[in-house]
**Student:** 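Provided herewith is a single structure, encoded as C-alpha cells, for subsequent inquiry.
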Amino acid sequence: MADLTLSHVGKVYADGTRAVTDLSIDIGDGEFMVFVGPSGCGKTTALRMVAGLESITEGEVRIGDRVVNNLPPRDRDVAMVFQSYALYPHMTVRDNIGFSLGLRKMAKAEINRRVEHAADLLGLTEHLDRKPRNLSGGQRQRVAMGRVIVRQPQAFLMDEPLSNLDAKLRVQMRAEIGRLQRDLEVTTIYVTHDQTEAMTLGDRVAVLRGGVLQQLAPPQVLYDRPANLFVAGFIGSPAMNALEGVLERDDDRYLIRLGTQWLNIPPQVTHERPGLAARVGQPTIVGIRPENLQEASTAGQADGTSLTAVVELVEPLGADVMVHLSAGVPRPQDRADLAEAVGEPGEVVASVQDETPMVARFTARSSVAVGDRVSVAVDTERLHFFDPHTGMAVWKD
Ligand code: ATP
C-alpha cells in the first residue's frame with residue numbers, strides 16, 4: 001500500500017484532443033478517492049495514466065516514493081478493475097482469481113492460500129469450482145474483485161466497475177466494495193459518472209469537468225460548500241435549484257429579490273460570506289436544494305422566509321414527492337457566460353420559457369396538485385450564492 005500523487009498532470013491525445021489539464025491530487029495511503037464527472041470529463045484518461053495504459057503528456061505520477069511516468073503497467077504494482085470483468089470463460093472461478101499469480105510463477109500453495117482467502121472475503125468459497133457462465137452478475141463482479149485482491153497491489157484502480165449490474169445489485173455491490181476497501185485499507189481510485197456512488201464511497205471526491213479539477217473534498221463538503229455552480233448542480237439529486245435575483249441591503253440585513261418576491265438572508269449566512277457585501281445591487285444566483293423547500297401554511301406569506309409558487313408537476317417517489325414549481329422568477333437573459341460556467345445546459349439553470357423552474361422535495365403526506373398555488377418555506381440558513389458571470393460560489397471576495 002502506498003500514497004499516490006498526481007502533480008500537474010496533463011494529457012493531450014495524438015489527435016490533439018486535450019483530455020486532462022494540470023491535475024494535482026494527493027491520495028493518502030489507504031484512502032478511497034473517487035474521480036467523478038460527466039461523460040468526457042477526463043476521469044478515465046486520468047485513471048489510465050496512473051495505471052500506465054496511457055502515456056502522461058505533462059506532469060508526474062508517483063506511487064509511494066517512485067515516479068512511475070515511464071514504468072510499464074506491470075511494474076507499477078497497481079491492479080485495475082474494469083467495467084467489463086473480462087473473466088476467462090473456460091476457467092473455473094479458482095483459476096480466474098489465481099491467474100495473474102500463476103503468470104508470476106508463484107508457488108501453488110501460496111496461490112491457493114491467497115485465492116481461498118479472497119474467496120472467503122468475497123463469499124465465493126462455494127463457487128470456486130464453477131465456470132463464470134454459471135454465476136450471477138454480482139458473483140462475476142466479485143470474481144473480478146478477487147483477481148485484484150490476490151495480487152496485494154499498492155493500489156486498486158476501478159473504472160466504473162458496477163455499470164454492468166442492475167440497479168439493485170449495484171447498490172449491494174457498492175456497499176461490498178466500500179466494506180472490502182475499508183477492511184483491506186488499499187489506496188483506491190474509483191472512477192464513476194454517478195454522483196451517488198461518489199458520495200457513498202469516497203473518503204474524498206474529485207469533481208472533474210472538461211479535464212479540469214473543479215473541487216476536491218470529502219462528500220459532505222462538496223454538498224454543503226460547492227465551490228461553483230457546476231459542482232452545486234452535479235452533486236445532489238435532484239439538482240440544486242439556481243435562481244437569479246438581485247442582492248439588496250437594508251441596514252445590516254441582506255435580502256435577495258427574486259422577481260416580485262424576496263428572501264431574507266439570515267445574519268449567520270452573510271457572516272460566513274463576507275463576499276456578499278460587494279454584490280449589493282448586483283445580479284446574484286441563489287442556490288436552494290430541493291430538500292430545503294418545504295410545504296408551508298399560507299399564513300407565513302411575504303415574510304422573507306417563503307415563496308409563493310404554482311405547482312407545475314407532481315412526481316410521487318414513495319417516501320417523498322418531487323414537486324415542480326414556478327415562483328415567477330425570471331430566467332436570466334443572455335447568459336452565455338453562465339451557460340459556459342455551468343457547462344451542462346439544463347443541469348442547474350433549466351429553462352422553461354421565461355421562468356426558472358424550481359423543484360421541491362415534499363414528504364409523501366403532501367396533497368398538492370398541479371395548478372395549486374402554494375406557499376413554500378425556504379430554509380434560508382442553507383442558501384448558496386454564486387456569481388452569475390463566473391459561476392463561482394460567493395464566500396470571501
Ligand atoms: P466516459 O465516462 O464517457 O468514459 P470520461 O470522463 O472517462 O468519459 P475520457 O474517456 O477520459 O472521459 O475522455 C476525455 C476526453 O478525451 C474526451 O473528450 C474523449 O473524447 C477524449 N479521448 C479519449 N480517448 C481518446 C483517444 N484515444 N484519442 C483522442 N481523444 C480521446
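These figures come from a predicted structure and were not determined experimentally. Indexing begins at 1, ligand by ligand and atom by atom, following the structure's order.
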**Student:** Would you mind checking if Arg279 and Asp387 are paired as a salt bridge, meaning a charged N to carboxylate O distance below 4.0 Å?
**Tutor:**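 Looking at Asp387 and Arg279, the cut-off is met.
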**Student:** For Gln181 and Tyr190, what are the C-alpha separation, side-chain angles and deciding distance, and is it a side chain to side chain donor-acceptor pair (under 3.5 Å)?
**Tutor:** CA-CA 11 Å; Gln181 196 274 346; Tyr190 185 104; over 6 Å; no
**Student:** Determine the minimum heavy-atom distance between Val311 and Leu325, stating which atoms define it.
**Tutor:**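 Smallest heavy-atom distance, with atoms named: CG2-CD2, 3.9 Å.
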**Student:** Which residue and atom name correspond to the protein heavy atom nearest atom 7 (O) of ligand 1, and how close is it?
**Tutor:** Thr44 OG1, 2.6 Å
**Student:** Look at atom CZ of Arg365 and say whether more than 12 heavy atoms of other residues, nucleotides or ligands are closer to it than 6.0 Å.
**Tutor:** no
**Student:** By number and element, which atoms of ligand 1 are closer than 4.0 Å to a non-hydrogen atom of Cys41?
**Tutor:** 5 (P), 6 (O), 12 (O)
**Student:** Does Gly37 come within less than 4.0 Å of ligand 1, judged by its heavy atoms?
**Tutor:**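 Distance cut 4.0 Å: Gly37 fails for ligand 1.
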**Student:** Give me the residue, atom name and distance of the protein heavy atom closest to atom 8 (O) of ligand 1.
**Tutor:** Gly40 N, 2.8 Å
**Student:** Taking only heavy atoms of Asp15 into account, list the atoms of ligand 1 that are under 4.0 Å away from them.
**Tutor:** 29 (C)
**Student:** Does the distance from a Lys or Arg side-chain N to an Asp or Glu carboxylate O, for Arg174 and Glu197, drop under 4.0 Å?
**Tutor:**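 Glu197 and Arg174: not salt-bridged.
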**Student:** In terms of side-chain geometry, is the basic nitrogen of Glu110 or Arg104 positioned less than 4.0 Å from the acidic oxygen of its partner?
**Tutor:** no
**Student:** For the atom pair CG (Leu293) and CZ (Arg361), what is the distance rounded to the nearest 0.5 Å?
**Tutor:**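 So the CG of Leu293 and the CZ of Arg361 are separated by 11.5 Å.
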**Student:** Any protein heavy atom lying closer than 4.0 Å to atom 20 (O) of ligand 1?
**Tutor:**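 Looking at atom 20 (O) of ligand 1, one finds that no protein heavy atom lies closer than 4.0 Å.
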**Student:** Please write down residue, atom name and distance for the protein heavy atom closest to atom 2 (O) of ligand 1.
**Tutor:** Lys43 NZ, 2.7 Å
**Student:** Mark the output for His193 as yes if a heavy-atom distance to ligand 1 is under 4.0 Å, and as no if none is.
**Tutor:**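 Heavy atoms of His193 never come under 4.0 Å of ligand 1.
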**Student:** Out of Ala19, Ala14, Gly210, Gly16, who gets a non-hydrogen atom closest to atom 15 (C) of ligand 1?
**Tutor:**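 Looking at heavy atoms only, the winner is Ala19.
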**Student:** Atom 30 (N) of ligand 1: which protein heavy atom is closest, and how many Å away?
**Tutor:**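 Of the protein heavy atoms, Tyr13 CD1, 3.3 Å lies nearest.
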**Student:** Hey, which of Val67, Asn69, Asn70 is the one that makes side chain to side chain contact (heavy atoms under 4.5 Å, CB included) with Ile56?
**Tutor:**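 For Ile56, the side chain to side chain contact (heavy atoms under 4.5 Å, CB included) check succeeds only for Asn69.
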**Student:** Can you tell me if Pro38 contacts ligand 1 (heavy atom of the residue under 4.0 Å from the ligand)?
**Tutor:** yes
**Student:** Just distances here: any N/O of Thr45 and N/O of ligand 1 closer than 3.5 Å?
**Tutor:**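 Min N/O separation from ligand 1 is below 3.5 Å for Thr45.
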